[in-house]
Q: 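Please see the structure below; I have some questions.
Labels below follow one simple rule: chain letters A, B, ... track the order of the sequence lines, proteins then strands, and each chain is numbered from 1. Worth saying up front: this structure is predicted, and the values here are computed from it rather than measured.
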Amino acid sequence: MSEFDKHVLNHNKNEKPFSQIKSSEIDSTLSLSDSLLLKILEKLPESQSNDVSLVCKRWLNLQGRRLRSLKVLDFDFVLSERLTTRFPKLTHVDLVNACMNPPVNSGILLCHKSIYFHLSSESSNWEFLEENLLHSDVIDRGLSVLSRGNCDLLKLVVINATELGLLSLAEDCSDLQELELHKCNDNLLHGIAACKNLRALRLVGSVDGLYSSSVSDIGLTFLAQGCRSLVKLELSGCEGSFDGIKAIGQCCEVLEELSICDHRMDDGWIAALSYFESLKILRISSCRKIDASPGPEKLLQSCPAMESLQLKRCCLNDKEGMRALFKVCDGATEVSIQDCWGLSDDTFSLAKAFRRVRFLSLEGCSVLTSGGLESVILHWEELESMRVVSCKSIKDSEISPALSSLFSLLKELTWRPDTRSHLSSSLEGAGIGKRGSKFFKKSVLH
Amino acid sequence: MSSSKKSSDGKSSEIEEAVASLTMPFNKILLTSSDGESFEIDEAVARKFQIIAHMIEDDCAGKAIPIDNVTGDILSKIIEYAKKHVVEPDEDEDEEAKKKLDSWDAKFVEKLDLETIFKIILAANYLNFEGLLGFASQTVADYIKDKTPEEVREIFNIENDFTPEEEEAIRKENAWTFNG
């Protein structure tokens with residue numbers, strides 16, 4: 001470098017807008033203790049963490065020790081123990097997306113809720129997830145490495161693990177409180193008793209289009225016997241029947257929240273809900289049927305602690321199932337029905353069974369009319385607030401005087417039955433739905 | 001008779017104290033820096049420094065307190081900040097006052113170079129002056145915000161102790177993780 005170049009370089013250095021005139025070339029951060037430097041790093045936004053980790057080894061270590069929650073995208077990062085070395089204080093780890101082989105050079109991303117992975121354009125069948133999922137042995141090994149290094153784990157999300165992996169996890173991470181097991185099966189649940197402090201559990205059995213995995217009464221019974229301190233349980237894509245659900249109700253005495261999603265249970269399971277002594281919140285979502293033959297009325301007892309019933313994206317066509325469900329939950333103070341189909345006036349009239357509803361929310365229920373709504377809510381004596389949104393068969397013009405005087409008595413009312421749901425109104429300008437029909441017309445002509 | 005005398009004595013000393021606090025000047029505390037500079041400040045200001053507040057509570061505050069770890073130039077800056085922040089305005093009740101104070105704070109740090117700010121952090125930590133410690137830390141964080149690692153090293157004169165391979169490995173690992 002010539003003298004002139006050096007001069008220019010120095011000159012430019014001093015011109016930089018963000019640096020002050022430095023009195024020395026010493027690294028003043030060295031004068032700060034780790035805890036003081038941490039105080040400064042804590043005031044930086046999350047988005048800056050990667051930059052911080054690249055400044056120097058000291059900052060890498062400090063930043064790494066700060067991190068508590070992480071979604072991992074590569075399994076070798078776990079297996080090589082690099083994850084544990086860099087982030088020794090993790091409490092919440094999500095491994096699901098690391099448990100898949102990424103195909104090289106793929107622009108196709110498939111997303112289903114929290115799982116996303118890249119597809120190769122050569123996938124000719126629907127087994128792409130099964131093909132790309134890492135083998136259970138590898139996943140179990142990863143769990144063993146992770147739990148040895150991060151024994152403070154409180155929450156873990158993993159797919160395709162087996163009982164062995166679960167046992168090694170439970171051995172080292174005695175504080176584990178929350179577990180999410182994707183592609184779960186009865187064999188895996190055999191080991192769940194080892195996780196003694198489990199408070200929240202989410203099991204995903206089968207997911208249509210991605211994988212099928214069987215959680216039956218056997219697995220549910222293992223769960224019941226092993227996890228007696230459960231407060232929150234979600235069963236997604238699980239099989240089973242009255243017996244399995246009853247076992248859970250009887251054993252999990254402090255269970256407060258139960259979510260049933262996309263169930264494949266045998267008919268007659270609703271009566272088992274009566275055994276849940278502490279159940280406060282029941283959520284049923286994405287179910288194609290509720291319960292086609294729930295059994296005799298006398299077996300359907302109220303859940304004593306029930307507070308809130310929430311139905312979302314379900315098909316409510318089976319009246320017997322609805323009758324049973326409303327009977328079991330008749331003590332609820334809050335009822336919420338969102339984006340369900342089949343909620344006719346007839347079916348909704350069964351809601352008269354509720355004894356003390358204070359809050360009702362209806363959204364996206366397009367078959368219910370104002371007459372149907374009226375006959376039920378005039379029957380309820382304790383209704384305080386109500387929310388009706390996007391229920392297009394409820395017409396303002398059909399509100400009777402009795403109904404409008406009830407409205408004036410309510411503490412809170414949100415009344416927008418003729419609002420289009422957000423999705424359809426945002427698609428309107430795009431012409432979607434109309435294009436398809438043109439396409440089909442063309443092919444018929446040919 | 002004696003009991004009523006006692007009670008009237010008790011009452012009269014209370015009144016004496018009340019009168020005294022109204023008419024006497026506030027207690028002054030003398031702080032001496034490590035290089036011999038002395039600063040006389042009101043007790044209320046000195047109480048912003050928790051270690052001095054504790055000394056006052058425990059009655060070992062005496063007239064002059066030596067501050068061995070802090071030089072005079074830094075101590076004077078800290079006292080200047082403490083005087084302004086004796087009463088912190090409530091954001092909800094007095095927005096005007098808060099805004100004024102914030103702009104004073106901004107001007108206060110504008111004139112200071114990084115090295116001085118670091119010394120202030122160390123001193124505020126020693127004196128246990130939470131308010132200034134938080135503010136000074138935030139100021140340093142603002143220097144770091146939105147900068148690349150190279151720029152951060154430049155500002156603080158930090159040595160890059162990564163080999164190119166190590167740096168590359170960390171960048172790859174960062175891509176394999178997602179915070180949250």
Q: Answer with side chain, backbone, both or neither: which region of Val152(B) has an atom nearer than 4.5 Å to a non-hydrogen atom of chain A?
A: side chain

Q: Can you list, pair by pair, the side-chain donor-acceptor contacts under 3.5 Å of residues 27-41 of chain A, counting residues two or more places apart and other chains?
A:
from	atom 1	to	atom 2	distance (Å)
Asp27(A)	OD1	Thr29(A)	N	2.9
Asp27(A)	OD1	Thr29(A)	OG1	2.5
Asp27(A)	OD2	Thr29(A)	OG1	3.2
Ser31(A)	OG	Ser28(A)	O	2.5
Ser33(A)	OG	Ser35(A)	OG	3.2
Ser33(A)	OG	Leu36(A)	N	3.3
Asp34(A)	OD1	Arg58(A)	NE	3.0
Asp34(A)	OD1	Arg58(A)	NH2	3.0

Q: Against Glu180(A), only a single residue in Val96(A), Leu203(A), Val157(A) fulfils side-chain contact (heavy atoms from CB on, under 4.5 Å); can you say which?
A: Val157(A)

Q: Taking only residues two or more places apart in sequence, or in another chain, which ones meet Glu150(B) in a salt bridge (Lys or Arg N to Asp or Glu O under 4.0 Å)?
A: Arg171(B)

Q: Select, from Lys145(B), Glu173(B), Lys119(B), the one with the greatest count of heavy-atom pairs under 4.5 Å involving chain A.
A: Glu173(B)

Q: If we define contacts as heavy-atom pairs under 4.5 Å, which of Leu73(A), Asp51(A), Val55(A) has the most with chain B?
A: Val55(A)

Q: So which residue, Asp146(B), Asn160(B), Thr148(B), ends up with the most heavy-atom pairs under 4.5 Å with chain A?
A: Asp146(B)

Q: At a heavy-atom separation under 4.5 Å, does Ala175(B) approach chain A through its side chain, its backbone, both, or neither?
A: backbone

Q: Hey, does Asp105(B) have a side-chain heavy atom less than 4.5 Å from the side chain of His85(B)?
A: yes

Q: Classify the ring geometry between Tyr81(B) and Phe108(B) as parallel (under 30°), tilted (30 to 60°) or perpendicular (over 60°).
A: tilted

Q: Distance alone, cut at 3.5 Å: any donor-acceptor contact between the side chains of Asn150(A) and Thr84(A)?
A: yes

Q: Quick one: which residues of residues 123-138 of chain B reach chain A at under 4.5 angstrom, heavy atoms only?
A: Asn125(B), Glu130(B), Leu133(B), Gly134(B), Ser137(B), Gln138(B)

Q: Looking only at heavy atoms and a cut-off of under 4.5 Å, which of Arg86(A), Arg82(A), Glu42(A) has the most pairs with chain B?
A: Arg86(A)

Q: Counting only non-hydrogen atoms closer than 4.5 Å, does Asp142(B) touch chain A with its backbone (N, CA, C, O), its side chain (CB onward), both, or neither?
A: neither

Q: Mind checking the CE-CD1 spacing from Met100(A) to Ile139(A)? Nearest 0.5 Å is all I need.
A: 9.0 Å

Q: Salt bridge or not for Lys57(A) and Glu166(B), using N-O below 4.0 Å?
A: yes

Q: With sequence neighbours left out, which residue pairs that include part of residues 140-149 of chain A fulfil the salt bridge (charged side-chain N to carboxylate O under 4.0 Å, His left out) condition?
A: none

